[in-house]
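Please read all numbers here as calculations on a predicted model, not as lab measurements.
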Amino acid sequence: MNEKEKAIKSLELFNEKADELLSSTFAKKMMEGETGVNLHWNWETEEEITNFERKGPDTENIKAFVLDYRFFIQNNDKTSFGNMKKLYSSNLLSAKFESRFDSGRDALNNYLDTHSGFQFDYNGEILTRRKIIDTFIFGGLSHFNEDKEKLFKEWRSIPPFFPMIQNEFVYSLAKILDVIAFVKDLNLEAIEELKK
């Protein structure tokens, strides 16, 4: 198999994994727009918040999504954004593809490295979306990291903090899915060029 054929295979694999995410129950529930957090309290009696309800994809939907999402963030997979960057930087494709890929990847990294509009301040640290995502994935859902697991358990023990930060995590995954869809479309164009 020559280099062009390997590149096409990698791009097609990325798109296959992207399709799995785009057709997932998680994605469908996010598109329905029924996401958010309901907090219930009684103003008249000045009771503290007594009920916290997060709407949207459930834990099973989130876990299934994260299982496939890891293909895009672990550099030992051909489909990772890091490995796609190498492919788009190679001399196999014209420079316009690298520029477009970089714009999508840069937009994603900028999004992840900023805090949410809500600004979660935890122990004096304004949490970035990347910190929230990493803590949920590597501390609560898969590939446990001891420090992230400890932090995840702390968050989970603080109502109403947890449903609100979990909602931010879910919303951030949906935004990442938009970038994955963008790269999928770009891959289709790149495959056409490689096949010429």
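Between Tyr88 and Ala190, the shortest heavy-atom contact is OH-CB, 3.8 Å. Between Phe182 and Ser103 the shortest heavy-atom distance is CZ-OG, 4.3 Å. Between Leu11 and Met84, the shortest heavy-atom contact is CD2-SD, 3.9 Å. Residues Leu22 and Ala27 approach most closely at O-CB, 3.5 Å, considering heavy atoms. Taking both residues in full, the closest heavy atoms of Arg100 and Leu186 are given as CZ-CD1, 3.5 Å, listed atom of the first, atom of the second, then distance. Residues Ser94 and Glu193 share a closest heavy-atom pair of N-OE2, 2.9 Å.
When ring centroids are compared, Phe71 and Phe14 stay outside the 6.0 Å threshold. Aromatic pair Phe161/Tyr122: centroids less than 6.0 angstrom apart.
We find the CG-OG1 distance between Asp147 and Thr135 to be 10.0 Å, quoted to the nearest 0.5 Å. Rounding to the nearest 0.5 angstrom, the gap separating the OH atom in Tyr69 from the CD1 atom in Ile176 is 3.5 Å. How far CG of Leu127 is from CD1 of Ile133: 12.0 Å, rounded to the nearest 0.5 Å. Atom CD of residue Gln119 and atom NE2 of residue His115 lie 4.0 Å apart, to the nearest 0.5 angstrom. Taking CD from Glu154 and CZ from Arg156, the interatomic distance works out to 11.5 Å, rounded to the nearest 0.5 Å. To the nearest 0.5 Å, atom NZ of residue Lys175 and atom CD of residue Glu168 are 10.5 Å apart.
Phe81 and Leu13 are not part of a single hydrophobic cluster, where members link through side-chain heavy atoms under 4.5 Å apart. Linking Ile, Leu, Val, Met, Phe, Trp and Tyr residues whenever their side-chain heavy atoms come within less than 4.5 Å leaves Phe26 and Leu67 in two separate clusters. A single hydrophobic cluster is seen to contain both Leu151 and Ile158, as judged by linkage of ILVMFWY side chains at heavy-atom distances under 4.5 Å, directly or through other members.
The residue from Val66, Ile132, Asn145 that alone fulfils the side chain to side chain contact (heavy atoms under 4.5 Å, CB included) condition with Ile137 is Val66. Looking at Asp77, Leu177, Leu21 one by one, the single match for side chain to side chain contact (heavy atoms under 4.5 Å, CB included) with Phe72 turns out to be Leu21.
Scanning for side-chain contact (heavy atoms from CB on, under 4.5 Å) contacts around Lys85 gives Ser89, Glu98, Phe101, Asp102, Arg105, with sequence neighbours left out. Applying the side-chain hydrogen bond (donor to acceptor under 3.5 Å, both in side chains) test to Lys29 and every residue at least two apart in sequence or in another chain returns Asn61.
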Should Lys150 and Glu146 be marked as a salt bridge (Lys or Arg N to Asp or Glu O under 4.0 Å) after you check the CA-CA gap, both sets of side-chain angles, and the distance that decides it? CA-CA 6 Å; Lys150 180 178 180 270; Glu146 223 174 275; over 6 Å; no

Full working for salt bridge (Lys or Arg N to Asp or Glu O under 4.0 Å) between Lys9 and Glu5: CA-CA 6 Å; Lys9 189 171 181 177; Glu5 290 169 335; over 6 Å; no

Apply side chain to side chain contact (heavy atoms under 4.5 Å, CB included) to Phe169 and Ile62, showing your working. CA-CA 10 Å; Phe169 166 66; Ile62 295 166; 3.6 Å; yes

Side chain to side chain donor-acceptor pair (under 3.5 Å) for Asn83 and Ser80? Distances and angles first, verdict last. CA-CA 5 Å; Asn83 286 323; Ser80 73; 3.2 Å; yes

Full working for ring-ring contact (aromatic ring centres under 6.0 Å, His included) between Phe136 and Phe162: CA-CA 11 Å; Phe136 269 84; Phe162 187 72; 5.6 Å; yes

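When only modelled atom types and interatomic distance are considered, Tyr111 and Asp106 share no side-chain donor-acceptor pair under 3.5 Å. Side-chain contact of Thr114 with Arg129: a donor-acceptor pair under 3.5 Å is present, judged by distance alone.
Residues Lys4 and Lys195 have side chains not in contact (no heavy-atom distance under 4.5 Å, counting atoms from C-beta outward). Contact of the Ile126 side chain with the Phe120 side chain is not registered, since no non-hydrogen atoms from C-beta on lie closer than 4.5 Å. Between Lys131 and Glu125, some side-chain heavy-atom pair lies under the 4.5 Å cut-off. In this structure, Thr79 and Ser10 have side chains that are not in contact, with every pair of non-hydrogen atoms separated by 4.5 Å or more. Within the 4.5 Å cutoff, side-chain heavy atoms of Leu87 are placed close to those of Leu93.
For residues 19-28, the set of pairs meeting the side-chain hydrogen bond (donor to acceptor under 3.5 Å, both in side chains) definition, not counting sequence neighbours, comprises Asp19-Lys184.
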